[in-house]
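Both counts, for ligands and for their atoms, begin at 1 and track the order of listing. No hydrogens, no waters, no symmetry mates; every other heavy atom, side chains included, goes into these values. Small disclaimer: the values here were computed from a predicted structure and weren't measured.
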Amino acid sequence: MKVTLSVIKADVGSFVGHHTVHPLQFEVAKSCLQRAKDEGTIIDSYITNAGDDLELIMTHQKGVGDESVHKLAWDTFMEVTEKASKKLKLYAAGQDLLATAFSGNLKGMGPGVAEAEFEERISEPIVIFMADKTEPGAWNPPLYRMFADPYCTPGLVIDQSMHDGFTFRIMDVEQDKIVDLNAPDEIYDILALIGTPGRYVIHSILRRVDGALGATASTSRLSLMAGKYVGKDDPVCFVRAQHGFPAVGEILEPFSFPHLVAGWMRGSHNGPLMPVGIKDSRCTRFDGPPRVVALGFQLNDGQLVGPGDMFEDVAFDRSRAQASEIAEYMRRNGPFMPARLGPEEMEYTTLHDILDKLKDRFHPATETIQSTT
Ligand code: F6R
Ligand code: MG
Ligand code: MG
């Protein structure tokens, strides 16, 4: 059967600053999705959090961009805002709900969406990644390594069904354009683009032999939509595993290295992406460090069997320790680049107001030097 997996997230207010999601927010969201399940809008759902982001994982048979499913997510976020965030005066209630009313599709309205329709295989293992205090481009290095780097994924060499490689659908989030590039033949072009994760973001990955979907990710950038800083985009993505796709272990392997991502503290700093289990899915030190959780499911006629909490494993202890060490090193750099992001990334933050305030105090350098010497 054809099934659609929709992973839709938003920060609609959080508990103790931007730290995590409050139990009452989960409760309200769960009752909304249970209602939708009873009414037949969705087949199944699971709700979790990545730091302060509420994550709705839903299956249905309505295809990508379906109005009733997107409206369900929007109404759920609204209801959580009203019945939990505002009621408890949680921090930044309704933060990511940029639009005043729902208008057919969530695109451009604030919540992040990773969504795809595919034929459910005889056995369909899936891993869903959700991150906090970072941006969609944070998935670029791990997705590249899963689907194009044989040092991470020996299946690319060994497994005949992966040997022809994968197509990377890459989005220029500033121009709202898409380009398809093929691995392995065009890996240098792929890397030339995705090495700029603030602009070029992997949207999805398709198997070249048959076009089957391997992975898809959220690509929205709130600051580009709102024209100002409204928190980082805290992205989601999911990856289909095994039997012609990377094995679960090949999918998790890139996260053993806590690579640097943008989005820590005020969306303005680089920091290591720390892989954690759900119990540690909270942001504390310097509002971070940026964290990623991974939930694994088996689909069973659209039912979500699971989850397996994939990073809740001692095998990732060393990666977490390394992330802490990198966090320590980065923070010793204080407010200086490259620990702080560069000027083009800071354009959408509150730094803009400071520069604006000072602009009339700048004089031509030669004039000033002559008058003081
Ligand atoms: C939120 C985030 C936080 C906030 C910071 C300041 O996603 O990354 O680091 O940016 O806590 O928040 P405000 O400006 O709301 O006081
Ligand atoms: Mg928040
Ligand atoms: Mg967040």
Identify, by name, the N, O or S atom of [X] lying closest to the Mg ion (ligand 3).
X	result
D132	OD1
D52	OD1
D53	OD2
D234	OD2

Query - Any N or O of D234 closer than 3.5 Å to N or O of ligand 1 - result: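 N/O-N/O distance below 3.5 Å does not exist for this pair.
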
Ignoring hydrogens and angles, state whether a donor on the side chain of [X] or [Y] is under 3.5 Å from an acceptor on the partner side chain.
X	Y	result
T167	D180	no
T48	E55	no
D66	T4	no

Query raised in the report: Does the gap between the ring centers of F316 and F255 come in under 6.0 Å?
Result: no

Report summary line: Looking at D11, the N/O/S atom that lies nearest to the Mg ion (ligand 2) is called OD2

Query raised in the report: So T153 and R145, side chain to side chain contact (heavy atoms under 4.5 Å, CB included) or not? Walk me through it.
Result: CA-CA 7 Å; T153 301; R145 294 201 61 214; over 6 Å; no

Query - Angular separation of H18 ND1 and S14 OG about the Mg ion (ligand 2), given to 10° - result: 110°

Query raised in the report: Are more than 12 heavy atoms from other residues, nucleotides or ligands located less than 6.0 Å from atom NZ of K62?
Result: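 For K62, atom NZ is crowded (more than 12 foreign heavy atoms under 6.0 Å).
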
Query raised in the report: Which bit of M265 gets closer than 4.0 Å to ligand 1, counting heavy atoms only: side chain, backbone, both or neither?
Result: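 Both parts.
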
Query raised in the report: For ligand 1, is any non-hydrogen atom under 4.0 Å from Y91's backbone (N, CA, C, O), its side chain (CB onward), both, or neither?
Result: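 Answer for Y91: side chain.
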
Requested in this report: Name the orientation class of the two ring planes belonging to W74 and F102 (parallel below 30°, tilted from 30 to 60°, perpendicular beyond 60°).
Outcome: tilted

Query raised in the report: Counting backbone and side-chain atoms alike, does Y91 have an N/O/S atom under 2.8 Å from the Mg ion (ligand 2)?
Result: no

